[in-house]
Amino acid sequence: MTQTALLASYEALVQNHQAQFNGRIEQLHRTVNQMVSQLQQQEQPFVMAQAQFLEQLRAQLAIDTRCLLDSIELRDFIAEVNTFPPRQRWNAEPVLEIDADPARWLLTRRDFAVSIRDYVPEVDHHAYDDERTHTTYGYRITITIHDQTDSFSVIVQRVYSPIEQRSYTLRQIVEYDFEPEIGTMLKPLALESNEQAQLSQELSYLLGCAVRLLAITPISVQFRYPIEEAVR
Amino acid sequence: MRELWVSLSTYGGVPTRTALETLWTAGIRHVELAIGVKPSADTVEVLQEYGRRGIQYRAHHAIVWQERRSFNLAEQFDRSYFERLTDWMAAMNITAYSVHPGSVSTHQSNSINFWLDHLEQLAQLCHDRRIRFGVETMYPSLFDHTRRELLRSRTEIEQFLNLMPGVELVVDMAHLNLWHDCSTEEKLHLFQLARDRILEIHISDNDGLRDTHTAINEKTWWVSHIANFPSDVPIVLESRMNHQGVEQVRQRVQQTQALFDGVTVHEPGTH
């Protein structure tokens, strides 16, 4: 067979392949899109109802987050955090253990205000550490304790590549993000150091639980190839 | 007055032009190229333009130039890439380049020889182009127990200095804040251990748990020990200033500069 005949036969095969399958695949795309659209329409009343109650919940937590102290959600949250191992201590400092029953917390015997508001999901496709760029997912919240108000960001996941990501556990988020911020906010109260440590921990669990209630939208993680953004 | 260099990683998430324009307007003339800025078609052109206007450059690890890539010298060495990079740095009159040592899998034990070979090759490429070459001190990670950073302890650094006499050391003071198994005196002893072989000193702050590159303040652990810093070694600021305005950047840099001004430096061995 000559080169020209070989190329012509190959091209005929390609055309035949496309004629056989392209239309069917396009039809499948259309059918799937229609089904997703129908499902979304059916889902809408449920989403609306959830949004309505979430709004009430947000309003309540923005006034007084202590309302969660006797909730089953907080007990479940404490149990879930405690499934993750505590931080490794390098100086033999004893780990402060949280009481699984919030009714016995020191916080119940202190009457300062605690509230949380303005939960905003955050995505940064241009994040970077010392060595690599990546995408971070997290949120920003505003917290009030007594007469102190502070906003801070929490990163819950770093996506380095389609096959590599790093998630932070609930315990890491509570211990590394909430506790230091709350500890700083408690300083003006001039508490004894052990009392401050205990209250920081209890408030971190309480507010960490509240955040999870506010974040009902699941995170859709995606990875962007940085090179796609370079204009060449 | 000791000249303070500012890492380009302090102003990341934006194209190189935006970052350099901000630093230039804030009066900064000594910039260390590093990770952080977004790649753009004009990156090299912008670096050349600000070079002509008077900015001097050093370079650190995974810089953004006409290419951008991350690398782990303990596991791979793309010689062709580093030839292109060092050629470009020489053309840009960059006379100092430093890297992170890299990390090895906790399950592997034979990577060290690969690592030393890669460092030797990179050191030679730099040496041939009259670029000083250094490797940075690291720290043990709390988060990833499957990998082990190299140069994360005094013992490893001492071994490295003995094994690689032609390579210098970059001391990152914030990384030393993540060393929890030695005293302040032992950390500062690095300055004597690597005497005459310190390429530069990186500065920022963190929470003692993660390398967060936060702003320096009077409570930052090393601030009260500035007199122990070797006097002739460049200082590179790495605290993040992303999204800040020109005046904020100017003030932050001036405040950091002020920490070093007027400090009487102890000669090595006197502290």
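Fair warning: this is a prediction, and the values are worked out from it, not measured in the lab. Lettering of chains follows the sequences in order, A, B, ..., and the numbering in each one begins at 1.
- Using a 4.5 Å cut-off between heavy atoms, Asn242(B) contacts chain A through its side chain alone, with no backbone atom that close.
- The contact between His213(B) and chain A is made entirely by side chain atoms (from C-beta outward), counting heavy-atom distances below 4.5 Å.
- Of the two parts of His202(B), neither the backbone nor the side chain holds a non-hydrogen atom closer than 4.5 Å to a non-hydrogen atom of chain A.
- The line from CD1 of Ile35(B) to CZ of Arg132(A) is 9.0 Å long, rounded to the nearest 0.5 Å.
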Which side-chain N or O atoms in residues 141-149 of chain A pair as donor and acceptor under 3.5 Å with protein atoms at least two apart or in another chain?
from, atom 1, to, atom 2, distance (Å)
Thr142(A), OG1, Ser151(A), OG, 2.8
Thr144(A), OG1, Thr149(A), OG1, 2.9

Under 3.5 Å, sequence neighbours excluded: what are the donor-acceptor pairs made by side chains of residues 11-21 of chain B?
from, atom 1, to, atom 2, distance (Å)
Tyr11(B), OH, Gln244(B), O, 2.6
Arg17(B), NH1, Glu49(B), OE1, 3.3
Arg17(B), NH2, Glu49(B), OE1, 3.2

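- Residues Tyr176(A) and Thr212(B) fail the side-chain proximity criterion, which asks for heavy atoms closer than 4.5 Å.
- With a 4.5 angstrom heavy-atom cutoff, Arg210(B) touches chain A only via side-chain atoms.
- Between Thr133(A) and Arg68(B), some side-chain heavy-atom pair lies under the 4.5 Å cut-off.
- Contacts of Asp130(A) with chain B are made by both backbone and side-chain atoms, with heavy-atom separations under 4.5 Å.
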